[in-house]
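Working notes, beginning with the structure itself.
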Amino acid sequence: MKKNILLFLFIFSAFYNYAQRTKLSLPAIAAIRPSELERDLKELTDDHFRGREAGTPDELKASVWLAEKAREAGLSPAGDDGTFFQFFSLQRNKISDRTTIRINNESFTLWKDVLLPQTAEANVNAPLLFLDVTEPSQIDSANIRGKAVVIMASREGLNLDISLPERRYPGFVLRKYSSTLINNGAAAIIFIADEAGEKGWQAVLPAVTRGNYDIEGGPNAVAKTLPPVLWFHKSAESLLKQPGAMLHANVIVERYEYPSVNIVGTIKGTDPVLSKEYVLFSGHQDHDGIRTPYGNDSIYNGADDNATTCVAMLAIARTFKAQPSKRSVLFVWHGAEERGLLGSKWYASHPTVPNHSIVAVMNADMIGRNNPDSAALLGASPPHMNSRDMVEMAHEANREGPKFLIDTLWDRPEHPEYFYFRSDHLPYARLGIPAIYFTTTLHDEYHTPMDDASGIDIRKLTRMTQWIYRTGWKIANRPQKPRLVENFKLER
Ligand SMILES: [Zn+2]
């Protein structure tokens with residue numbers, strides 16, 4: 001009898017040890033808790049953060065909240081000087097209120113009577129020339145050198161079946177004509193607003209009055225001097241068509257510098273060799289601040305964009321704390337994404353870990369809305385795919401876990417949103433680091449004050465978090481780092 005008990009104890013303990021080992025080799029998926037995702041999301045999207053606009057104290061305040069949460073999750077600081085923070089400077093160029101615009105002797109009030117959609121200096125005195133661009137031959141044949149060319153804006157030939165069409169309309173119209181006109185020597189381009197232009201006028205003001213942002217060395221860091229582009233209301237049409245009328249434009253640009261910040265934390269890997277390599281989890285902490293009201297609300301809390309990923313990264317950090325991987329994991333909550341992927345451009349070129357030690361970047365942006373059963377993976381097909389290994393692991397993780405139906409349209413080069421080019425994996429991919437981008441794509445409340453926590457599907461957010469985690473876990477434990485595809489070349 002005693003012998004039987006001993007045998008039983010032996011078998012039981014062997015089984016128990018085996019079970020423990022097996023458990024440890026599986027991802028700590030249970031550490032991703034919907035209740036914690038929801039709690040963190042509500043905190044980060046509260047109105048007191050005032051929409052976390054880059055370069056303002058609101059972004060800095062949100063970054064302190066994130067760093068504290070990262071510490072609680074068990075991350076070690078991996079920013080500058082033993083902190084969670086990597087500060088960098090935003091360079092902002094903005095059209096000055098001292099700018100003056102006159103037609104003959106009549107002054108036009110900046111932003112109210114005249115809209116300048118590009119931030120560039122100019123000092124131009126030029127005769128106006130009205131062009132009927134419904135006659136394409138006029139653009140080339142007319143003697144437009146040195147003239148301020150006046151055009152009736154038109155949506156003809158433009159695909160406006162895109163997100164935020166009103167805000168993007170002036171830029172689209174400009175691109176349609178600018179290179180032909182500028183190459184032919186136009187001194188300025190003047191658009192007379194059509195119906196779409198009048199509708200878009202208010203919509204573009206928040207962006208154009210704020211101006212351009214960049215990091216040091218970037219193309220927008222220094223103000224350019226360019227032939228000015230001006231939008232006038234339809235009411236100015238007869239004046240603008242008057243023979244002999246003159247444009248006098250003195251566009252002055254002011255320069256500002258502000259701090260922005262990346263939050264960086266890490267969990268060291270368990271393997272003596274592989275722990276020198278990092279798998280980077282990426283998202284952005286900033287959003288659009290306070291701007292155009294919709295109804296009573298003017299605070300752009302950016303719940304989907306991109307508080308969802310911020311809190312997903314905290315949950316993923318907890319899983320790696322519960323069960324570290326062989327490689328080290330690195331979490332970067334980028335600043336100033338909405339101002340042009342500036343935090344990721346900065347981190348990619350100024351990493352706080354040794355150069356070439358980042359073996360993969362898993363970025364996510366907007367992961368909590370739309371159809372509960374579908375999601376998109378970008379960087380998953382040519383020409384955007386820079387690592388087949390990574391994509392295969394992501395698909396495998398999806399099959400083992402959430403089983404999303406994968407939307408492949410958004411990754412196509414002909415997709416009108418060019419979505420691949422609009423989030424923080426891009427600067428890393430451009431530097432030759434394997435990178436993929438998880439998203440549940442756009443929705444009607446994108447970049448409006450209605451993107452609030454109440455619109456987030458917590459169950460879907462949980463499954464997206466699990467998917468990203470499962471993919472990262474595979475990458476972080478595999479003996480080989482993900483390979484790059486050969487001849488990777490993006491179409492823009
Ligand atoms: Zn975003």
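Note that this is a predicted model, so its numbers are computed, not measured. All values below come from the heavy atoms of this structure, side chains included, with hydrogens, waters and symmetry mates left out. All ligand and atom numbering here is 1-based and tracks the order in the structure.
A salt bridge links K69 and D40; the closest N-O separation between the charged side-chain nitrogens and carboxylate oxygens is under 4.0 Å. Ion pair E417/R422 flagged as a salt bridge, since at least one NZ, NE, NH1 or NH2 atom sits closer than 4.0 Å to an Asp/Glu carboxylate oxygen.
Tested against I32, the residues I468, L461, T319 include a single side-chain contact (heavy atoms from CB on, under 4.5 Å) partner, T319.
Shown are the protein N/O/S atoms under 2.8 Å from the Zn ion (ligand 1), given by residue and atom: H284 NE2, D305 OD1, D365 OD1, D365 OD2.
Judged by distance alone, the side chains of E257 and S89 do bring a donor and an acceptor atom under 3.5 Å apart. Defined by atom type and a distance below 3.5 Å, a donor-acceptor pair is present between the side-chain atoms of E491 and H384.
Under a cutoff of 6.0 Å and an axis angle of 45°, R492 and F421 form a cation-pi pair.
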